[in-house]
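This structure is a prediction, so every number in the text was calculated from the model and none was measured. Atom set for the values below is all heavy atoms of this structure, side chains included, hydrogens, waters and symmetry mates excluded.
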Number of protein chains: 2
Amino acid sequence: MASVYEGPVQTLIDELGRLPGVGPKSAQRIAFYLLKVAPEDARRLAAAIVEAKERVTWCRRCFNIAEGELCGFCRDERRDARVLCVVEEPRDIVAVERTQEFQGRYHVLQGAISPIEGVGPEQLRIRELLERIANEGVEEVILATNPNIEGEATAMYLARLLKPLGIRVTRIASGLPVGGDLEYADEVTLGRALEGRREVDA
Amino acid sequence: MASVYEGPVQTLIDELGRLPGVGPKSAQRIAFYLLKVAPEDARRLAAAIVEAKERVTWCRRCFNIAEGELCGFCRDERRDARVLCVVEEPRDIVAVERTQEFQGRYHVLQGAISPIEGVGPEQLRIRELLERIANEGVEEVILATNPNIEGEATAMYLARLLKPLGIRVTRIASGLPVGGDLEYADEVTLGRALEGRREVDA
């Protein structure tokens, strides 16, 4: 877009446009919104960004976000250290927590293997995962990476790496979403659902 | 969404979620993006927000964004002061400028009449528009508010207000977008296109 705007407005639009999922039109819309709101509202957003960058770090143990050395899950003694749920990103922890099905600990890889984006195993927190398995009495690792190409490749890689260690290695199930329609399921998902079929308890 | 996040991350997500077009999921995505980028990148965004709020004001004459008293268009002596293009927001000026068809000046209403959102004529820069028409030798006012319900209502209101002043009052044309297909045009737009038909020069 032509920069018909005065300096600081264009700068703001440019900076906003770098955010994920914010195109030039949205950046412009957000910029004008910020110019219109009360100064304290805009300042609060700016302060929140600075504050988060200053105070939030990565958990020394699981690489979730944390304030201080350890994240809330790693500090929580009631969580079962024998079961590790391996996810790609901190936000995935939130998704798993919402199920209220998991009482174990987490390990955040901070990404997934992606040859296209040049991300190999060495860029992920896999060395740290191996250390934890060696030292923390882990009995099961649940591979909860995304069910897409990168996540599957990462899960496969980790499964091969971890199986020989004599621990249980599991992968979250793929299948039809609950409430979904067979008719609208894509063939890969439906294929997975068939493949992963389970005996019905009756 | 449950706030499983630590304090400053949740604060950042909340603040981002207040931006227009940013839902809870995008807010989370942007927040984690900001946590991952280099500190100077996040700081630059925060600084751009603060800087824009501090330096950008509204043009004293036309209520476009401006640094200082007057905006670039009002400072530009080459622009024809006899033709005023009335728009809802500063971003609409950019759209008009892109056409390179308009050499006059602008007037930004800073909104549109919307009973639902409680915006009446008195909340818009209409008094200032009347002052300009009285003092600046305006001969034509082009009503370039949006072709939606609020914009049309605003244009209608202004037309009734301005016509008695003996100046030319025009409205931008509605019709089929160039490159569009009759087949896919909605009936209101096609109706407008028919209504606004013009003699073909041959």
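Across B:Val37, B:Thr57, B:Leu34, B:Ile13, the residue that shares the most heavy-atom pairs under 4.5 angstrom with chain A is B:Leu34. Contact count against chain A (heavy-atom pairs under 4.5 Å) is highest for B:Arg91 among B:Arg18, B:Glu54, B:Arg91.
For the residue pair A:Glu140 and A:Thr170, a side-chain donor N or O sits within less than 3.5 Å of a side-chain acceptor on the partner.
Looking at A:Leu16, the atoms closer than 4.5 Å to chain B (heavy atoms on both sides) sit in the backbone and in the side chain alike. Contact annotation for A:Arg55: only side-chain heavy atoms (C-beta onward) come within less than 4.5 Å of a heavy atom of chain B. Proximity to chain A (any heavy atom under 4.5 Å) is restricted, for B:Val22, to the side chain, taken from C-beta onward.
Among residues two or more places apart in sequence or in another chain, the side-chain contact (heavy atoms from CB on, under 4.5 Å) test is passed with B:Glu152 by B:Pro147, B:Arg171, B:Ser174, B:Arg192. Every residue two or more places apart in sequence or in another chain that forms a salt bridge (Lys or Arg N to Asp or Glu O under 4.0 Å) with B:Glu131 is listed here: B:Arg127. Partners of A:Glu117 under the side-chain contact (heavy atoms from CB on, under 4.5 Å) rule, at least two apart in sequence or in another chain, are A:Ser114, A:Val119.
A:Glu89 and A:Arg125 are not joined by a salt bridge, as no carboxylate oxygen comes within less than 4.0 angstrom of a charged side-chain nitrogen.
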* To do: Applying salt bridge (Lys or Arg N to Asp or Glu O under 4.0 Å), run through B:Glu136 and B:Arg82 and close with a yes or a no.
  => CA-CA 8 Å; B:Glu136 295 179 17; B:Arg82 291 168 301 175; over 6 Å; no
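When all heavy atoms of A:Phe102 and A:Arg79 are compared, the pair lying nearest together is O-NH2, 3.2 Å. Shown here for B:Arg105 and B:Phe73, the closest heavy-atom pair between the two residues is NE-O, 3.4 Å.
Within residues 38-52 of chain A, the residues approaching chain B closer than 4.5 Å by heavy atoms are, in numerical order, A:Ala38, A:Pro39, A:Asp41, A:Ala42, A:Arg43, A:Arg44, A:Leu45, A:Ala46, A:Ala48, A:Ile49, A:Val50, A:Glu51, A:Ala52.
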